[in-house]
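Note that this is a predicted model, so its numbers are computed, not measured. In listed order, ligands and their atoms are each counted from 1. In what follows, residues are counted from 1 in the order of the sequence shown.
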Amino acid sequence: METAKNSNEFFERVLAAGAILVNIGDIDILLEQILTEARFFTNADAGSIYTVEDNLLSFEHSQNDTIVSRGERIPYTRYTIPKTKDSMAGYVACTGKLLNIEDVRKIPEEAPYSFDESYDKMAFYRTRSTLTLPLVNNRHVVVGVLQLINAKTDKREFIPFHSTMELLGKYYATLGALALERALMTRTLLMRMVNMTEFRDPKETGPHVNRVGSYSVAIYDSWAKENRIPDEERIHNRDVLRMAAMLHDVGKTGISDLILKKPGNLSADERKTMENHCLLGAEVLRNCESSFDEMARDIALNHHENWDGSGYPHGLAGEQIPFMARITAIADVFDALSSARAYKDPWSDRMVTDEMERLFVNKFDPGLKVHFSSQITVLREIKTTYPEQV
Ligand code: C2E
Ligand code: SIN
Ligand code: SIN
Ligand code: FE
Ligand code: FE
């Protein structure tokens, strides 16, 4: 990453970043990308992004090059804090004003906000400059906060954020807010579609489909990194996958309650009916037009196919099975084993990993095993961010 040499280059970077945002449909992928792109054009070492809802600020995602370059991971986590003016992010959320702070340790006593050192202490990090921007929608409501931390030179020295970053950052944050509104609507619509199933199978809930979406992206990311998939393709695929994987079981809407909610094992006949959910899902998603429709249909139809050809509905084998369906199959079974179902209790971590290991012999794509294994910690973190609602 190089510092923009002049304001023209900087401006071009902001425009390019904005163009990427408007093409993203999934809310989680979008939040991550808003931060990634903003860090790129401001040359920021670190940053965090929050969404704002009523009186809460929800911490969604953070990035930190220094910590990653030490070989440490940034945990996948989400938490909420009250929206009050005493933190920088809270102040920006409450007032809709940006904050460009040269040195967080020199914030005047009389400022309403102060810097919370606990993160720096915990992570052995040193925050100096911050640029905190409100994501303001077209109704002038702050829907998110983007906090960039430690602008740096090409020599990785931390410097304050230049004042040109304020205006263009503000423009960029507006694009981000618009994209965020649309992505929120998309998520709502997808969840409504999923909830038509949930009505019937209360144990297989909204959190389940969100987990399957996020696990699938984690596995894909690992695979894409190893296979050096170009950024543009990777960003597009992970976005579409995040949404499409949520609909893997949408065909269960067409299966009777008696079968879906049955506490015990299914009879052979019931099992046959149940297996129809793949064809039903593909039927719901027929008339593919966008890459989203196409991937969603591939996944709904093929997520129970097995690598050795023993799966259903068509008994496809190996690379005949669409790649994204092979990924989602892993995510789906991992979640089914580690969660409660009408017909089973959750399994222990150890039992889950042992069973998954066994299933990589003939059920799952063996080429994806390393990507499942390397992401297991991430998958478990994702699981805690989407707990079952009780
Ligand atoms: P699901 O509960 O989402 O399970 C998804 C997949 O996870 C299953 O696909 C299976 O591959 C895997 N899985 C779930 N539990 C176990 C397990 O105990 N051991 C192993 N090795 N794998 C497991 P499958 O089998 O094709 O089932 C598709 C759907 O059919 C399930 O979705 C569930 O809704 C229903 N189902 C399957 N078995 C039963 C059952 O015994 N009773 C009831 N009521 N429903 C069942
Ligand atoms: C804030 O904006 O104050 C929260 C994060 C931080 O203190 O660095
Ligand atoms: C692909 O089909 O695109 C990838 C093949 C694999 O890694 O299994
Ligand atoms: Fe299924
Ligand atoms: Fe499922």
Q. With a cut-off of 6.0 Å (strictly less than), are more than 12 heavy atoms of other residues, nucleotides or ligands near CZ of Arg70?
A. yes
Answer yes or no: does an N/O atom from [X] fall short of 3.5 Å to an N/O atom of ligand 1?
X: Lys262; answer: yes
X: Tyr312; answer: yes
X: Gly264; answer: yes
X: Lys344; answer: no

Q: Of all N, O or S atoms in Asp332, identify the one at the shortest distance from the Fe ion (ligand 5).
A: OD1
Q. Which pairs pass side chain to side chain donor-acceptor pair (under 3.5 Å) with one or both residues in residues 102-111, sequence neighbours excluded?
A. Arg105-Asp120
Any chance the side chains of [X] and [Y] put a donor and an acceptor closer than 3.5 Å?
X: Ser58; Y: Glu60; answer: yes
X: Tyr215; Y: Asp335; answer: yes
X: Thr377; Y: Arg73; answer: no
X: His236; Y: Ser291; answer: yes
X: Ser216; Y: Arg242; answer: no
X: Asn302; Y: Tyr312; answer: no

**Q.** Residue-ligand contact Lys363/ligand 1, heavy atom below 4.0 Å
**A.** yes
Q: Tell me which part of Phe334 gets within contact of ligand 1: side chain, backbone, both or neither, using heavy atoms under 4.0 Å.
A: neither
Q.
Below a 4.0 angstrom heavy-atom separation, can you tell me which part of Lys261, side chain or backbone, both or neither, approaches ligand 1?
A. neither
Atoms of ligand 1 less than 4.0 Å from [X] heavy atoms?
X: Ile259; result: 44 (N)
X: Leu337; result: 16 (C), 17 (C), 19 (N), 20 (C), 22 (N), 23 (C)
X: Glu355; result: 20 (C), 21 (N)
X: Ala336; result: 4 (O), 5 (C), 7 (O), 14 (C)

Best match, [options]: closest heavy atom to [atom]:
atom: atom 31 (C) of ligand 1; options: Met351, His277, Lys252, Arg341; result: Lys252
atom: atom 9 (O) of ligand 1; options: His208, His304, Met274, His248; result: His304
atom: atom 36 (N) of ligand 1; options: Asp332, Asp335, Leu266; result: Leu266

Q) Please walk me through it: do His304 and His314 pass ring-ring contact (aromatic ring centres under 6.0 Å, His included)? A) CA-CA 9 Å; His304 290 292; His314 294 128; over 10 Å; no
Contact check: [X] to the Fe ion (ligand 4), N/O/S below 2.8 Å:
X: His277; answer: yes
X: Cys278; answer: no
X: Asp249; answer: yes

Q: Would you check if the distance from the ring center of Phe372 to the ring center of Phe364 is below 6.0 Å?
A: no
**Q.** Any N, O or S atom of His248 closer than 2.8 Å to the Fe ion (ligand 5)
**A.** yes
Q. Can you check whether Val352's main-chain N or O pairs, donor with acceptor, with Glu355's side chain at less than 3.5 Å?
A. no
Q | Heavy-atom side-chain proximity of Leu98 to Val92 below 4.5 angstrom | A | no
